[in-house]
Asks: 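I'd like to ask you about the structure that follows.
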Amino acid sequence: MGVEGGMKCVKYLLFFFNFIFWLCGLALIVLGVLVQVALHNTVVINNISASSAPIVLIVVGVVVFFIAFFGCCGAWKESYCMVTMLKCCGVFNATDWRGNFGSGTNSVPDSCCVNVTTGCGQGAMEDLSKVHQMGCQTVVEELLKMNIMWVIVAALVIAFLQIMGIIFACMLMRGIRSGYEVM
(Lines give C-alpha, C1' and ligand atoms only; values in the text may rest on other atoms or scores of the structure.)
Protein backbone atom coordinates (compact mmCIF):
# COMPACT_ATOMS: atom_id res chain seq x y z
CA MET A 1 0.00 0.00 0.00
CA GLY A 2 1.42 3.40 -0.98
CA VAL A 3 1.84 6.36 1.31
CA GLU A 4 -0.91 8.98 1.46
CA GLY A 5 -1.28 12.63 2.38
CA GLY A 6 1.73 14.44 3.81
CA MET A 7 3.96 11.37 3.52
CA LYS A 8 3.44 11.46 -0.25
CA CYS A 9 4.99 14.95 -0.24
CA VAL A 10 7.88 13.65 1.88
CA LYS A 11 8.34 10.77 -0.57
CA TYR A 12 8.67 13.13 -3.53
CA LEU A 13 10.94 15.51 -1.62
CA LEU A 14 13.19 12.59 -0.66
CA PHE A 15 13.27 11.48 -4.29
CA PHE A 16 14.04 15.02 -5.46
CA PHE A 17 16.91 15.55 -3.00
CA ASN A 18 18.37 12.11 -3.72
CA PHE A 19 18.16 12.91 -7.43
CA ILE A 20 20.08 16.15 -6.79
CA PHE A 21 22.70 14.19 -4.81
CA TRP A 22 22.85 11.63 -7.64
CA LEU A 23 23.57 14.44 -10.10
CA CYS A 24 26.22 15.82 -7.74
CA GLY A 25 27.87 12.39 -7.54
CA LEU A 26 27.88 12.20 -11.32
CA ALA A 27 29.34 15.72 -11.47
CA LEU A 28 32.12 14.73 -9.05
CA ILE A 29 32.99 11.74 -11.23
CA VAL A 30 33.13 13.92 -14.35
CA LEU A 31 35.11 16.60 -12.48
CA GLY A 32 37.61 13.98 -11.31
CA VAL A 33 38.11 12.74 -14.87
CA LEU A 34 38.46 16.32 -16.17
CA VAL A 35 41.03 17.16 -13.46
CA GLN A 36 42.98 14.00 -14.36
CA VAL A 37 42.97 14.96 -18.04
CA ALA A 38 43.90 18.59 -17.26
CA LEU A 39 46.82 17.58 -15.03
CA HIS A 40 48.22 14.67 -17.04
CA ASN A 41 46.68 14.95 -20.53
CA THR A 42 45.37 11.39 -20.20
CA VAL A 43 42.60 9.52 -18.47
CA VAL A 44 44.99 6.70 -17.56
CA ILE A 45 46.39 6.95 -14.03
CA ASN A 46 50.14 6.26 -14.20
CA ASN A 47 51.24 7.76 -10.89
CA ILE A 48 48.82 7.34 -8.00
CA SER A 49 50.45 9.99 -5.80
CA ALA A 50 50.32 12.57 -8.62
CA SER A 51 46.67 11.71 -9.34
CA SER A 52 45.43 11.67 -5.75
CA ALA A 53 43.05 14.63 -6.15
CA PRO A 54 41.24 13.17 -9.19
CA ILE A 55 41.09 9.74 -7.55
CA VAL A 56 39.50 11.21 -4.41
CA LEU A 57 36.96 13.12 -6.51
CA ILE A 58 36.08 10.03 -8.52
CA VAL A 59 35.80 7.73 -5.47
CA VAL A 60 33.64 10.20 -3.52
CA GLY A 61 31.54 10.74 -6.65
CA VAL A 62 30.99 7.00 -7.10
CA VAL A 63 30.00 6.53 -3.44
CA VAL A 64 27.58 9.50 -3.55
CA PHE A 65 26.27 8.33 -6.95
CA PHE A 66 25.35 4.85 -5.73
CA ILE A 67 23.98 5.84 -2.33
CA ALA A 68 21.81 8.54 -3.91
CA PHE A 69 20.72 6.12 -6.64
CA PHE A 70 19.52 3.62 -4.05
CA GLY A 71 17.86 6.48 -2.14
CA CYS A 72 15.99 7.50 -5.32
CA CYS A 73 14.91 3.93 -6.00
CA GLY A 74 13.90 3.40 -2.39
CA ALA A 75 11.85 6.60 -2.28
CA TRP A 76 10.15 5.87 -5.59
CA LYS A 77 9.35 2.23 -4.74
CA GLU A 78 8.70 3.05 -1.05
CA SER A 79 11.21 0.40 -0.01
CA TYR A 80 12.06 0.51 3.70
CA CYS A 81 15.32 -1.36 3.16
CA MET A 82 16.61 1.01 0.48
CA VAL A 83 15.93 4.29 2.29
CA THR A 84 17.60 3.27 5.54
CA MET A 85 21.20 2.45 6.42
CA LEU A 86 20.48 -0.11 9.06
CA LYS A 87 22.68 -1.14 11.95
CA CYS A 88 24.81 2.01 12.30
CA CYS A 89 24.82 5.32 14.18
CA GLY A 90 26.77 8.49 13.44
CA VAL A 91 29.74 8.72 11.11
CA PHE A 92 32.35 7.05 13.33
CA ASN A 93 30.16 5.85 16.23
CA ALA A 94 27.12 6.82 18.31
CA THR A 95 29.04 9.48 20.26
CA ASP A 96 29.12 11.65 17.12
CA TRP A 97 25.64 12.79 18.23
CA ARG A 98 26.83 13.99 21.67
CA GLY A 99 25.34 17.43 22.32
CA ASN A 100 24.01 17.67 18.77
CA PHE A 101 20.72 15.84 19.04
CA GLY A 102 17.69 15.89 21.28
CA SER A 103 17.21 17.54 24.61
CA GLY A 104 20.02 15.73 26.43
CA THR A 105 23.69 15.32 25.66
CA ASN A 106 23.26 11.54 25.71
CA SER A 107 20.58 11.23 23.01
CA VAL A 108 20.72 9.82 19.48
CA PRO A 109 18.17 9.73 16.63
CA ASP A 110 15.62 6.94 16.82
CA SER A 111 17.11 5.42 13.64
CA CYS A 112 20.20 4.46 15.71
CA CYS A 113 18.15 2.15 17.93
CA VAL A 114 18.31 -1.63 17.61
CA ASN A 115 14.49 -1.71 17.80
CA VAL A 116 13.28 1.55 16.27
CA THR A 117 10.39 3.09 18.20
CA THR A 118 9.43 6.70 18.90
CA GLY A 119 11.74 8.20 21.52
CA CYS A 120 13.96 5.12 21.82
CA GLY A 121 17.15 7.19 21.36
CA GLN A 122 16.50 9.61 24.22
CA GLY A 123 19.32 9.25 26.76
CA ALA A 124 20.40 5.90 25.29
CA MET A 125 23.67 6.80 23.52
CA GLU A 126 25.91 4.47 25.49
CA ASP A 127 23.39 1.66 26.04
CA LEU A 128 24.78 -1.18 23.90
CA SER A 129 21.54 -3.14 24.10
CA LYS A 130 19.45 -0.23 22.74
CA VAL A 131 21.71 1.66 20.29
CA HIS A 132 23.99 0.54 17.45
CA GLN A 133 27.52 1.67 18.29
CA MET A 134 29.21 1.12 14.90
CA GLY A 135 29.52 4.20 12.69
CA CYS A 136 27.88 4.38 9.26
CA GLN A 137 31.21 5.07 7.55
CA THR A 138 32.52 1.69 8.71
CA VAL A 139 29.29 -0.05 7.66
CA VAL A 140 29.39 1.50 4.18
CA GLU A 141 33.10 0.66 3.77
CA GLU A 142 32.46 -2.97 4.76
CA LEU A 143 29.44 -3.13 2.45
CA LEU A 144 31.52 -1.80 -0.46
CA LYS A 145 34.40 -4.19 0.31
CA MET A 146 32.03 -7.17 0.38
CA ASN A 147 30.38 -6.09 -2.87
CA ILE A 148 33.32 -4.48 -4.68
CA MET A 149 32.92 -6.77 -7.67
CA TRP A 150 29.30 -5.65 -8.13
CA VAL A 151 30.33 -2.01 -7.75
CA ILE A 152 32.99 -2.47 -10.45
CA VAL A 153 30.57 -4.31 -12.75
CA ALA A 154 27.93 -1.60 -12.28
CA ALA A 155 30.48 1.14 -12.96
CA LEU A 156 31.68 -0.63 -16.11
CA VAL A 157 28.12 -1.18 -17.36
CA ILE A 158 27.25 2.48 -16.77
CA ALA A 159 30.47 3.58 -18.47
CA PHE A 160 29.77 1.26 -21.41
CA LEU A 161 26.22 2.61 -21.80
CA GLN A 162 27.46 6.19 -21.67
CA ILE A 163 30.16 5.49 -24.27
CA MET A 164 27.57 3.82 -26.51
CA GLY A 165 25.38 6.90 -26.13
CA ILE A 166 28.28 9.12 -27.21
CA ILE A 167 29.01 6.87 -30.20
CA PHE A 168 25.35 6.85 -31.28
CA ALA A 169 25.17 10.64 -30.90
CA CYS A 170 28.28 11.05 -33.05
CA MET A 171 26.87 8.68 -35.68
CA LEU A 172 23.58 10.59 -35.74
CA MET A 173 25.43 13.90 -35.97
CA ARG A 174 27.48 12.59 -38.90
CA GLY A 175 24.37 11.25 -40.65
CA ILE A 176 22.56 14.56 -40.23
CA ARG A 177 25.55 16.50 -41.55
CA SER A 178 25.98 14.22 -44.56
CA GLY A 179 22.25 14.54 -45.29
CA TYR A 180 22.55 18.32 -45.46
CA GLU A 181 25.59 18.10 -47.71
CA VAL A 182 23.72 15.91 -50.25
CA MET A 183 20.97 18.48 -50.75
Asks: Work out which heavy atom in Ala94 is nearest to a heavy atom in Val131; give both atom names and the distance.
Replies: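 It is CB-CG1, 4.2 Å.
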
Asks: Enter the distance from Ile58:CD1 to Leu34:CG here, rounded to the nearest 0.5 Å.
Replies: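 Ile58 CD1 to Leu34 CG: 9.5 Å, rounded to 0.5 Å.
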
Asks: Give, for atom CD1 of Ile20 and atom CZ of Phe16, the distance between the pair rounded to the nearest 0.5 Å.
Replies: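 Answer rounded to 0.5 Å: 4.0 Å.
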
Asks: If you count every heavy atom of other residues, nucleotides or ligands that lies below 6.0 Å from Met164 atom CE, does the total exceed 12?
Replies: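 Yes, CE of Met164 has more than 12 neighbouring heavy atoms, counting only those of other groups under 6.0 Å.
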
Asks: So, for Gly121 and Cys113, which heavy atoms are closest and what is the spacing to 0.1 Å?
Replies: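 Scanning both residues, the minimum pair turns out to be N-SG, 3.4 Å.
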
Asks: Honestly curious: do Val64 and Leu31 fall in one hydrophobic cluster under the side-chain, below-4.5 Å linking rule?
Replies: yes

Asks: Considering only residues two or more places apart or on different chains, which pairs with a residue in residues 115-130 satisfy salt bridge (Lys or Arg N to Asp or Glu O under 4.0 Å)?
Replies: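 Listed by first then second residue: Arg98-Glu126.
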
Asks: Give, for atom CE of Met125 and atom SG of Cys112, the distance between the pair rounded to the nearest 0.5 Å.
Replies: 8.5 Å

Asks: Supply the members, apart from Val114, of the Ile/Leu/Val/Met/Phe/Trp/Tyr cluster built from side-chain contacts under 4.5 Å; use none for a lone residue.
Replies: none

Asks: Got a donor-acceptor contact below 3.5 angstrom from the Gln36 side chain to the Val44 backbone?
Replies: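 Answer holds: yes.
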
Asks: Which residues satisfy the side chain to side chain contact (heavy atoms under 4.5 Å, CB included) test with Ile152, sequence neighbours excluded?
Replies: Ile148, Leu156

Asks: State yes or no: do Met146 and Phe66 share one hydrophobic cluster built from I, L, V, M, F, W and Y residues joined by side-chain heavy-atom distances below 4.5 Å, directly or via other members?
Replies: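 Met146 does not cluster with Phe66.
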
Asks: Treat each ILVMFWY residue as a node, draw an edge where side-chain heavy atoms are under 4.5 Å apart, and state whether Phe65 and Leu23 are in one component.
Replies: yes

Asks: Can you give me the closest heavy-atom contact between Trp22 and Ala68, atom names plus distance?
Replies: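 Heavy atoms only, the tightest pair is N-CB, 3.4 Å.
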
Asks: Let me confirm one number: the CD-OG distance from Gln122 to Ser107, rounded to the nearest 0.5 Å.
Replies: 4.0 Å

Asks: Determine if the SG-SG distance between Cys136 and Cys89 falls under 2.5 Å.
Replies: no

Asks: Consider only side-chain heavy atoms of I, L, V, M, F, W and Y, link residues closer than 4.5 Å, and tell whether Val35 and Val56 are in one cluster.
Replies: yes

Asks: Distance from Ile167 atom CD1 to Phe160 atom CZ, nearest 0.5 Å?
Replies: 7.5 Å

Asks: From Glu142 CD over to Met134 CE, what is the distance, rounded to the nearest 0.5 angstrom?
Replies: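 Those atoms lie 5.0 Å apart.
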
